[in-house]
Amino acid sequence: MHRPPTERSDDAPTDSISGTELDIETAQETIRASGESIKRDELERAFATLESEGELTTEQRRIVERMATEIVDEILAAPQSVLETDKSADRTAKTVIKLFSTDR
């Protein structure tokens with residue numbers, strides 16, 4: 001299940017947020033960005049292939065997009081859950097950022 005990044009108000013003191021919380025938030029954002037990037041690329045490829053065989057209806061496009069979103073959400077659920085519950089979250093967050101970083 002996708003959750004948007006945690007929002008902080010501008011008047012919230014930054015020293016009230018620990019480095020671990022920031023690492024976890026960064027890791028969650030990195031996971032989501034990686035999944036969305038892969039989904040977008042694969043949807044473009046799938047639509048190009050499918051449309052070369054004939055025009056897709058709006059409903060068919062929605063079905064493929066929904067399926068892609070659900071697959072990405074399911075795959076990313078486990079690492080996101082670990083980040084929320086792991087006792088060594090700081091180390092886990094850093095590992096997740098390395099694994100899911102799209103800056104390779």
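Quick caveat: nothing in here was measured; it's all calculated off a predicted structure. The residues of the chain are indexed from 1 along the displayed sequence. Only this structure's heavy atoms are used, side chains among them; waters, hydrogens and symmetry mates stay out.
Side-chain N or O atoms of E74 include none that pairs as donor or acceptor with a backbone N or O of I71 at under 3.5 Å. No donor-acceptor distance shorter than 3.5 angstrom exists from the side chain of S81 to the backbone of A77, with no hydrogens or angles considered. A donor-acceptor pair under 3.5 Å links the side-chain atoms of T30 to the main chain of T26, judged by distance alone.
One finds a salt bridge joining E36 and K39 here, because a Lys/Arg side-chain nitrogen approaches an Asp/Glu carboxylate oxygen to under 4.0 Å.
A distance of 10.5 Å separates OG in S34 from CD1 in I75, rounded to the nearest 0.5 Å. In this structure, CZ on R62 lies 12.5 Å from CG on L56, to the nearest 0.5 angstrom. The distance from the CZ atom of R61 to the CD atom of E55 is 9.5 Å, given to the nearest 0.5 Å. Rounded to the nearest 0.5 Å, atoms CZ (F47) and CD (Q60) are 10.0 Å apart. Atom OG1 of T49 and atom CD of E42 lie 9.5 Å apart (nearest 0.5 Å). With rounding to the nearest 0.5 angstrom, the OG1 atom of T95 is 11.5 Å from the CZ atom of F100.
Put simply, the side chain of E29 does not reach to within 4.5 Å of the side chain of R32, judged on heavy atoms.
Here the shortest heavy-atom pairing between A68 and L43 reads CB-CD2, 3.8 Å. Here the closest heavy-atom approach between residue I31 and residue P79 is recorded as CD1-CB, 3.9 Å.
L99 and V72 fall within the same hydrophobic cluster, defined by Ile, Leu, Val, Met, Phe, Trp and Tyr side-chain heavy atoms under 4.5 Å apart, directly or through other members.
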